[in-house]
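Before any comments, here is the structure.
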Amino acid sequence: MKSLRLFALLSAAVVTAMCAQTATAAVDHDSCLSVNALAIGEDLGHGRTTSTIVHAGILNGTTAAQLEITGGTPPVVTLAGTGVLTTDHGTLTVSIVGTFNQATGALETTGHVVGGTGVFANATGALMFVGVEDLTTRSFTNTITGTVCLAHG
């Protein structure tokens, strides 16, 4: 359970980070934004995580994620779930799948944009979240890389 929480936390951080990097790019519609960001968060337990994105332009905000262990062989388990980034400009929802190492706290996931509101309405894209959770403190840091494309509005 502790590992699941860590994974969820990392996933939330990753989602947040990806959105943060996207925010540093142009905000024009029909634009694809390159993401290269950092997220800092906390594993809340029961697969829930939260994180904060800073210095990310339109993507500055918070994240919330809910993840579940779907398989794997401990200590490496597979995860799936959803992350939502909330900003002053709207929300971005990402469907997440990947792996979490319950012994080391290492997380590696991919996320596909599946929804959004505000400037993120009808956005598309894919992000990769890579990070590590401190299994003692339940805090995590993730890097987020990928692309988010804003729809013409």
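Only a predicted model underlies this, so the values are computations on that prediction, with no experimental measurement involved.
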Can any side-chain N or O of Ser31 pair as donor or acceptor with the backbone N or O of Leu33 at less than 3.5 Å?
-> no
Quick one: pull up CD in Glu68 and CD1 in Ile96 and give me the separation to the nearest 0.5 Å.
-> 12.5 Å
What are the two closest non-hydrogen atoms of Leu67 and Thr82, and how far apart are they?
-> CD2-N, 4.2 Å
Stepwise side-chain contact (heavy atoms from CB on, under 4.5 Å) test for Val97 and Thr110 | CA-CA 6 Å; Val97 296; Thr110 57; 3.7 Å; yes
Which pair of heavy atoms, one from Val76 and one from Thr99, lies closest together, and at what distance?
-> CG1-CB, 4.1 Å
Residues Leu150, Phe120; criterion side-chain contact (heavy atoms from CB on, under 4.5 Å); working and verdict = CA-CA 6 Å; Leu150 303 178; Phe120 306 111; 3.8 Å; yes
For residues Ser95 and Val114, report the shortest heavy-atom separation together with the two atoms involved.
-> CB-CG1, 3.8 Å
May I have all residue pairs that pass disulfide bond (SG atoms under 2.5 Å apart) and include part of residues 81-152, sequence neighbours excluded?
-> Cys32-Cys149
For Thr117, side chain to side chain donor-acceptor pair (under 3.5 Å) partners two or more places apart = Thr91
Ala121 to Ala151 - nearest heavy-atom pair and separation = O-CB, 3.7 Å
For side-chain contact (heavy atoms from CB on, under 4.5 Å), just list the numbers for His46 and Gln66, CA-CA rounded to whole Å, side-chain angles, deciding distance to a tenth of an Å, and then say yes or no.
-> CA-CA 8 Å; His46 304 291; Gln66 180 68 51; 5.5 Å; no
Over all heavy atoms of both residues, which pair between Pro74 and Gln102 is shortest? Give the atoms and the distance, please.
-> CB-OE1, 3.8 Å
Backbone N/O of Val130 and side chain of Thr143: donor-acceptor pair under 3.5 Å = yes
With Thr104 via side chain to side chain contact (heavy atoms under 4.5 Å, CB included) - residues at least two apart | Asn101, Ala106
Name all residues meeting the side chain to side chain donor-acceptor pair (under 3.5 Å) criterion together with Thr70; count only those two or more places apart in sequence or in a different chain, and write none if there are none.
-> Thr78
To the nearest 0.5 Å, how far apart are OG1 in Thr141 and CD1 in Ile40?
-> 5.5 Å
Just jot down the side chain to side chain donor-acceptor pair (under 3.5 Å) partners of Thr93, sequence neighbours excluded, or say none.
-> none
